[in-house]
Amino acid sequence: MSRYNARETEPKWQAAWEAAGSFRAERDPAREKYYVLEMFPYPSGRIHMGHVRNYTMGDVVARYKRARGFNVLHPMGWDAFGLPAENAAMEKKVSPAVWTYQNIGTMKEQLKPLGFSLDWTRELATCDPEYYGQQQAMFIDMMEAGLAYRKNSVVNWDPVDMTVLANEQVENGRGWRSGALVERRELTQWFFRISDFSEELLEAIGTLTDWPEKVRLMQANWIGRSEGLQFRFATLGAPEGFGELEVYTTRPDTIFGASFAGISPDHPLSRALEAGNPELAAFNAECRRIGTSEEALETAEKRGFDTGIRVVHPFDASKELPVYVANFILMDYGTGAIFGCPAHDQRDLDFARKYGLTVTPVVCPENQLVDEFVIGDTAFTDTGRIINSGFLDGMTIEAAKAEVARRMAAQGQGELKVNFRLRDWGVSRQRFWGCPIPVVHCPSCGVVPEKKENLPVELPADASFDQPGNPLDRHPTWRDVPCPACGAPAKRETDTMDTFVDSSWYFARFTAPRADTPTVAEDAAYWMNVDQYIGGIEHAILHLLYSRFFARAMAKTGHLPQSAIEPFDSLFTQGMVTHETYSTLSEAGRTVWHTPEEVEIAADGTARLREGGAPVTVGPSIKMSKSKKNVVDPVDITEQYGADTARWFVMSDSPPERDVEWTASGAEAAWRHLQRVWRLAADAAGADELPSAGGDEEALALARATHRAIAEVTAGIEGFAFNKAVAKLYEFTSAVAKSSAPRAARIEAMQVMARLMAPMTPHLAEEIWAHLGGEGLLVAQPWPELDESLLKEDTVTLPIQINGKKRGDISVPADADRAAIEAMVMADETVLRYLDGGAPRKLIVVPGRIVNVVV
RNA sequence: GCGGGUGUGGCGGAAUGGUAGACGCGACGGAUUCAAAAUCCGUUUCUGGAGACAGAGUGUCGGUUCGAGUCCGACCACCCGUACCA
């Protein structure tokens, strides 16, 4: 018996598919289309198990849908701009473009042998001028449509490297390279008006019925609609021009519990006070060192600075509240100023306790006496009745909110306002390796878009990375250009675009990747939307929200049909591939990460370096990442066992939406199973026709198993439960192996086996198909048809519970009614034993499911 | 901090409120073999018992139900995101 040789077989079928053009997608209005897309990879240099898992899932869907008769679009590209290329440029003296295209070449070489059914003729890379030139054209359209504008905003500034840092590059408030304390610096930057769409993006979540509920929730919370009151305090002792302090609150009902007002360190009032108050200036400087990330700001110790300014309570002029600058108030949300009601907000309470401010409860739980209600260390945030609040006393929270709003409006001091947490999308990056923002700054004309015929504005090939900062800033021949409007000497914008812009429309570009416009109407109309989008849960908010916005912006500027403003019909978020982390400490006390290959794990679980034997700290299993070096190379698996084994393995065991921890042990098992299937096929083909009594019965039993497999595998694939589909294929394999059905029946079973396995293990499936005399390429065959009549069972086994515990079971005809089952149960030996002569207190019969006898 | 998720044998996991542990890995036993590899068959949640069987058991504590891994409440641990990593 010859063994199945993946190394020879896989390239053979890949060549056959290539020659047949099996995966080329052509627009054909006569056929129903299906667009399946996996989030495109960043070309880091090598593919990893996460890619294999992601693209295998998409490929299973693509191949299955093709077998179902759809005209399938399944493209691939590269999310090719980004920081790592610049880091490589600085560290290895290689140009970002060279580094990136080399990586793309390597990764393509590693992907191809996996046999994904991709239309490679549509390949694109976002760093290619062919792609980003069209992006620049859309940027100009968006400027003209009022969707792009400039305003000031803050960045992390490294004062030693004189460069802007990404949040990731800030470690404990210091720059990762220089170690310098980070500052916040204000720059004029480009923004997209995503906040104009807050309400619509929120509303439309309701239409995304084939998205995971968790993603819809996360997006809704991110957009963060709140209904509140915006009002103005009169100030005492504030500088010129700050007679009022405008605050936003969602709890106007607690206004009588207010004990302080708080403003962000970046609030204009705080900035105005800094000049004459060195202490405050120092406090603010320290706050700014926390950086710009919300996480860092929120987890930092809550601190405040009493400005000495007071505000007057809007309903009681005798009450004055101190105004604090507080490090936890974000300038980006609301007005950058709040009032604090410690009794009913935990953060305010912590703050009040720290600075000795009064804590007055103004909402009392219904079941508690007002006199006995005191606030300890926990703020009361539930519902109740208003107390200690003058004219609000006795009201519900809702009534009090309305009353406060009414009186504020009457006093001309405030108004109801709907607020969103979602901020406009800042797209400027002070970096080289991104899509240049196609505008020119002219001393007389101001900000002028580049002429479309001059696009693309290409990145220079000769940038230097020998000093930190953006090389475009110090590249005179690239930077100095005539103004597109008046021709006078002017300067290009040297900021490039956020890489999220690149990934916000690549799905649309795939429908016409070589066009000299961003999209082509007919192609977009035919192929959009993406029917099935697959990617990591880590993109649940930003990438998907930006794409939803961008599709709307493209519709407004005529680049997508209105029907495509929600570009992803169905979304599946796969779990990540995780692995343990291995680290040692360097002499300088810094953490040094090691790859799994560098580490040897002993039987007792302790780990040491293969080289030198130094003890290694084993960290928790987290997302595979280059920076932590906890990566496993799929190329090794593919070379040893073949693509089908790797594909089969990543589809088995773990449910696709869950994280999977990579272990090497299963690959061997997957390979063994594929060998077994091959042997079964070869056996069936070579079997002698044995005249066996009962052959018909055996054949029927095998046909039943076959059709059960068709039903179960189909359900598994349709329901994105690939691990269950795989489990059912294991069972089916077992059934065929044990069957002594005649040759023809076994050949038929194995032909169905090949067709059911084809989405996961396409090469093996083709080989079996050919070996068993199947017509043409299996890839062009339809999905096996199910004969429902073969699924029906004559008898079913019902478990019997006594008091909810299983004590036995009975076999009953499948069509037995309740009364018949009851009679059989009451005659059952086990039941009689437990009843001990008595009558059951209750008898629950769920036909086809279970029987429960309560004694 | 905040938002979202996950938690079941030695391991990955299965289970429309209805037999907890399908399927796979590992382990153990057997067949085949001069022997091994490969392959095939069987056992495998834990505790007690020769066994029939009994008791316990789905992160922790409590609740709803004839019946809870599944529903509700409180907590614990870990993971993802937190707007300049992609």
Side-chain angles (χ1 to χ4, degrees), chain A residues 1 3 39 41-42 44 79 81-84 155-156 164-170 212-215 217-222 224 292-300 302 328 332 346-347 350 421-431 498-500 502-503 536-543 545-546 573 575-576 578 620-623 625-627 649 652-655 657-661 663 665-666 668-670 672-673 675-676 679 721 723-724 726-731 734 737 797-801 803-809 840-844 846 848-854:
Chain A
M1 175 60 48
R3 292 218 304 194
M39 290 179 187
Y42 178 79
S44 57
D79 189 11
F81 276 135
L83 270 182
V155 294
N156 297 308
V164 175
L165 298 177
N167 284 335
E168 191 190 49
Q169 299 172 317
V170 179
E213 186 56 34
K214 61 181 170 187
V215 175
L217 242 182
M218 280 191 259
Q219 292 221 347
N221 290 338
W222 184 263
T292 58
S293 90
E294 190 203 36
E295 184 197 4
L297 292 169
E298 289 276 338
T299 50
K302 309 287 176 281
F328 59 86
D332 290 316
Q346 191 60 45
R347 203 165 52 179
D350 296 342
R421 210 184 75 96
L422 180 64
R423 312 196 293 256
D424 271 341
W425 175 11
V427 295
S428 291
R429 296 292 180 272
Q430 295 68 43
R431 308 192 190 289
D498 179 8
T499 55
F500 273 124
D502 312 337
S503 56
I537 184 67
E538 67 271 27
H539 296 293
I541 298 175
L542 292 179
H543 162 61
L545 190 60
Y546 289 151
T573 55
M576 288 170 303
T578 66
S621 192
I622 55 172
K623 173 170 128 179
S625 77
K626 260 189 113 176
S627 61
F649 178 66
S652 56
D653 288 352
S654 276
E657 69 277 12
R658 209 128 98 191
D659 286 356
V660 57
E661 184 177 358
T663 62
S665 64
E668 175 79 22
R672 276 204 308 265
H673 178 73
Q675 288 291 342
R676 186 184 189 207
R679 272 197 312 277
N723 57 323
K724 284 187 255 174
V726 166
K728 297 305 178 186
L729 284 164
Y730 270 111
E731 281 181 30
S734 215
T797 303
L798 282 191
I800 298 180
Q801 294 183 335
N803 293 335
K805 246 186 200 316
K806 194 211 164 191
R807 297 294 179 183
D809 37 41
R841 287 208 294 142
K842 205 167 181 180
L843 185 59
I844 293 140
V846 185
R849 275 281 168 203
I850 204 164
V851 176
N852 192 9
V853 186
V854 185

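Lettering of chains follows the sequences in order, A, B, ..., and the numbering in each one begins at 1. Worth saying up front: this structure is predicted, and the values here are computed from it rather than measured.
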In whole Å, measure the gap between the P atoms of rA38(B) and rA27(B) for me.
11 Å
Report each atom pair, protein N/O against N/O of nucleotides 44-47 of chain B, whose distance is under 3.5 angstrom.
none

Using a 3.5 Å distance criterion without hydrogens, assess whether the side chain of N852(A) forms a donor-acceptor pair with backbone atoms of G804(A).
yes
Side chain N156(A), main chain T292(A), donor-acceptor under 3.5 Å:
yes
With rounding to the closest Å, how many angstrom separate the P atoms on rU70(B) and rG7(B)?
11 Å
With pairs taken as Watson-Crick or G-U wobble and both distances under 3.5 angstrom, which stems of at least three consecutive pairs involve RNA chain B?
B:1-7 with B:76-82, B:10-12 with B:23-25, B:26-31 with B:39-44, B:45-48 with B:53-56, B:59-63 with B:71-75
May I ask you to evaluate whether S652(A) reaches the phosphate of rG24(B), defined as a side-chain N or O under 4.0 Å from OP1 or OP2?
no
Examine rG24(B): is either OP1 or OP2 under 4.0 Å from a nitrogen or oxygen in the side chain of R672(A)? Give yes or no.
no
Any side-chain N or O of R679(A) under 4.0 Å from OP1/OP2 of rC40(B)?
yes
Can you see if the side chain of R807(A) gets near the phosphate of rA54(B) - specifically, an N or O under 4.0 Å from OP1 or OP2?
yes
By salt bridge (Lys or Arg N to Asp or Glu O under 4.0 Å), which residues pair with E538(A), not counting sequence neighbours?
none
Distance check, C1' atoms only: rG18(B) and rU65(B), in whole angstrom units.
12 Å
Any K842(A) side-chain N or O less than 4.0 Å from OP1/OP2 of rC66(B)
yes
The criterion is salt bridge (Lys or Arg N to Asp or Glu O under 4.0 Å); which residues satisfy it with R423(A), sequence neighbours excluded?
D332(A)
Using the test side chain to side chain donor-acceptor pair (under 3.5 Å), find all partners of E294(A) that sit at least two apart in sequence or belong to another chain.
R421(A)
With a 4.0 Å limit, can you tell me whether R676(A) has a side-chain N or O closer than that to the phosphate oxygens OP1/OP2 of rC40(B)?
yes
In plain terms, say whether R347(A) and E298(A) are close enough for a salt bridge, that is, a side-chain N and a carboxylate O under 4.0 Å apart.
yes
Return the set of residues passing side chain to side chain donor-acceptor pair (under 3.5 Å) with D498(A) (not counting sequence neighbours), or none when no residue passes.
W425(A), R429(A)
Under the side chain to side chain donor-acceptor pair (under 3.5 Å) test, residues paired with K806(A) that sit two or more places apart:
D809(A)
Note: for K302(A) and V854(A) on RNA chain B, the residue whose nearest nucleotide lies more 5' is K302(A)
Selected nucleotide, minimal atom distance to E298(A) side chain, candidates rA86(B), rG81(B), rG1(B)
rG1(B)
H539(A): partners by ring pair (Phe, Tyr, Trp, His ring centres under 6.0 Å), with sequence neighbours left out:
H543(A)
How would you list, by chain and number, every residue that makes a side chain to side chain donor-acceptor pair (under 3.5 Å) with N723(A), sequence neighbours excluded?
none
Protein-nucleic acid N or O pairs under 3.5 Å, nucleotides 20-23 of chain B:
unit_1, atom_1, unit_2, atom_2, d
rA22(B), O2', E731(A), OE2, 3.1

Protein-nucleotides 82-84 of chain B N/O pairs under 3.5 Å:
unit_1, atom_1, unit_2, atom_2, d
rU82(B), O2', E294(A), OE1, 2.5
rU82(B), O4, E295(A), OE1, 3.4
rU82(B), O4, E295(A), OE2, 3.1
rA83(B), OP2, E294(A), N, 2.8
rA83(B), O2', R423(A), NH2, 3.3
rA83(B), N6, R421(A), O, 2.8
rA83(B), N1, R423(A), N, 2.9
rC84(B), OP2, R429(A), NH2, 2.6
rC84(B), O4', R429(A), NE, 3.2
rC84(B), O4', R429(A), NH2, 3.4
rC84(B), O3', N167(A), N, 3.4
rC84(B), O2', N167(A), N, 2.6
rC84(B), O2, R431(A), NH2, 2.2
rC84(B), N4, Q189(A), OE1, 3.2
rC84(B), N4, S428(A), O, 3.4
rC84(B), N4, Q430(A), OE1, 2.9

Not counting sequence neighbours, which residues clear ring pair (Phe, Tyr, Trp, His ring centres under 6.0 Å) with F328(A)? List them please.
F351(A)
